[in-house]
Amino acid sequence: MNKEVRRFVYLEAMLLWAYAYLGLWPFDSLPQPSRYAFLAVIFLYSTLMVSPLTIVFPNIPYKLTFLRARKALGISSFFFALTHALTAFRDSLGGFQGIVLFSLRELLPYIIGASALLILTAMAATSPPSMVNRLGRYWKRLHRFVYLAGVLILVHVAMVPKSIKLPIVLNYLIFAMVGFLIVLELIRFNRFLSIKYKFLENKRFWPLLSFAILYLIYILSY
């Protein structure tokens with residue numbers, strides 16, 4: 001399973017792409033760009049969850065499987081993000097003829113989204129083993145920008161005009177998922193600080209920061 005997990009992820013991504021393209025439930029009520037955006041976010045979220053989940057819970061079952069799947073999850077996220085961008089450029093912006101009719105303020109959410117896509121493109125382009133060897137220690141530094149891509153996507157989603165209002169249950173589910181990721185990342189960061197900088201460890205600070213960030217995300221989602 002550990003060796004075949006990447007093939008399984010790619011196969012799953014292709015099947016989901018076909019499912020979304022056909023507009024089957026639950027995608028039947030969503031415009032095409034939103035279908036691919038939803039899948040891109042799910043795969044990116046899964047990618048971001050791998051490291052904090054396996055570090056905070058080092059004895060988690062199938063740990064090696066999660067780690068091996070991370071690369072395929074990231075590339076699949078890029079694939080769906082690119083498809084979303086192309087379909088949104090065609091349907092939401094009206095192509096090159098329609099884009100000139102938008103003001104800079106109206107284009108800002110799409111510029112932010114394009115910036116996130118650029119980062120995901122760099123991640124995908126440098127994922128082959130040959131690029132890993134060529135970049136050396138800089139490869140890991142480069143791929144840390146995936147967190148910036150995640151933040152940009154959150155801002156993009158919050159700023160894009162909403163043509164569809166999600167059910168309240170789904171809003172709370174998204175809020176809980178993002179919150180869980182943030183808490184895990186803060187725990188990991190706290191462990192890093194407690195090891196490298198003993199004087200910076202503050203057990204009261206991190207829960208307060210977690211609640212502050214979660215509250216900010218909650219406000220932005222409405």
Side-chain angles (χ1 to χ4, degrees), residues 13 16-17 19-21 23 26-49 73-126 142-182 185 209-210 212-222:
L16 286 172
W17 182 91
Y19 195 85
Y21 177 80
F27 298 114
D28 51 344
S29 62
L30 293 176
Q32 201 171 54
S34 298
R35 302 171 194 172
Y36 301 123
F38 175 78
L39 291 172
V41 169
I42 291 298
F43 274 87
L44 180 61
Y45 177 82
S46 302
T47 305
L48 294 174
M49 278 292 295
L73 290 169
I75 293 177
S76 298
S77 175
F78 159 73
F79 170 71
F80 284 117
L82 179 62
T83 309
H84 162 68
L86 293 175
T87 52
F89 181 74
R90 179 196 64 196
D91 299 343
S92 302
L93 295 176
F96 290 106
Q97 292 180 341
I99 199 171
V100 297
L101 303 176
F102 285 78
S103 66
L104 181 60
R105 184 174 182 178
E106 291 173 323
L107 287 175
L108 183 59
Y110 303 100
I111 294 173
I112 293 174
S115 300
L117 177 60
L118 186 63
I119 294 174
L120 294 180
T121 302
M123 305 293 102
T126 56
L142 175 63
H143 277 244
R144 285 174 181 165
F145 278 94
V146 70
Y147 295 101
L148 176 59
V151 173
L152 291 174
I153 289 172
L154 281 177
V155 176
H156 168 71
V157 171
M159 292 181 65
V160 167
K162 304 295 189 299
S163 58
I164 298 175
K165 189 169 181 62
L166 297 176
I168 188 67
V169 175
L170 187 56
N171 275 330
Y172 282 123
L173 178 61
I174 294 172
F175 174 72
M177 290 172 61
V178 174
F180 183 54
L181 173 61
I182 291 174
E185 287 289 0
L209 182 60
S210 300
I213 294 175
L214 292 177
Y215 180 74
L216 178 61
I217 295 173
Y218 180 77
I219 293 299
L220 289 175
S221 65
Y222 287 93

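Note that the coordinates shown come from a computational prediction; the quantities given were computed from them, not determined experimentally.
- Counting only heavy atoms from C-beta outward, the side chains of Met177 and Leu181 never approach each other to under 4.5 Å.
- The side-chain contact (heavy atoms from CB on, under 4.5 Å) search around Ala81 returns Ala40, Leu117, Leu120, not counting sequence neighbours.
- When the side-chain hydrogen bond (donor to acceptor under 3.5 Å, both in side chains) test is applied to Thr126, the partners found at least two apart in sequence or on another chain are His143.
- For Phe78, there are no ring pair (Phe, Tyr, Trp, His ring centres under 6.0 Å) partners two or more places apart in sequence or in a different chain.
- Taken from OG1 in Thr87 to CG in Leu82, the straight-line distance is 9.5 Å, to the nearest 0.5 Å.
- The line from CD1 of Ile153 to NE2 of His84 is 9.0 Å long, rounded to the nearest 0.5 Å.
- The side-chain contact (heavy atoms from CB on, under 4.5 Å) test applied to Leu118 returns no partner, not counting sequence neighbours.
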Assess the residue pair Met123 and Leu142 against the criterion (side-chain contact (heavy atoms from CB on, under 4.5 Å)); give the C-alpha distance rounded to whole Å, side-chain angles, the decisive distance to 0.1 Å, and a yes or no. CA-CA 8 Å; Met123 305 293 102; Leu142 175 63; 4.0 Å; yes
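- Here the closest non-hydrogen pair linking Tyr45 and Val178 is CE1-N, 4.2 Å.
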Are Leu16 and Phe80 close enough, and set up right, to give a side-chain contact (heavy atoms from CB on, under 4.5 Å), and what steps lead you there? CA-CA 10 Å; Leu16 286 172; Phe80 284 117; 4.2 Å; yes
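- Applying the side-chain contact (heavy atoms from CB on, under 4.5 Å) criterion to Leu148, with sequence neighbours excluded, gives Ile119, Phe145, Leu152.
- Here Tyr21 pairs with Trp17 under the ring pair (Phe, Tyr, Trp, His ring centres under 6.0 Å) rule; sequence neighbours left out.
- Taking all atoms of both residues into account, the shortest heavy-atom contact from Val146 to Leu48 is CG1-CD2, 3.8 Å.
- Residues satisfying the side-chain contact (heavy atoms from CB on, under 4.5 Å) test with Ser76, not counting sequence neighbours, are Val9, Tyr10, Ala13, Phe43.
- Once rounded to the nearest 0.5 Å, the distance linking CD1 of Ile42 with OG1 of Thr47 reads 11.0 Å.
- Atom CZ of Phe27 and atom CG of Leu39 lie 4.0 Å apart (nearest 0.5 Å).
- Of all non-hydrogen atoms in Met159 and Leu108, the two that sit nearest each other are CE-CD2, 3.7 Å.
- Remark: Phe89 pairs with Phe96 by the ring pair (Phe, Tyr, Trp, His ring centres under 6.0 Å) rule, at least two apart or across chains.
- His156 NE2 to Ile112 CD1: the interatomic distance, rounded to the nearest 0.5 Å, is 9.0 Å.
- The stretch residues 90-117 participates, sequence neighbours left out, in these side-chain hydrogen bond (donor to acceptor under 3.5 Å, both in side chains) pairs: Gln32-Arg90, Ser103-Glu106.
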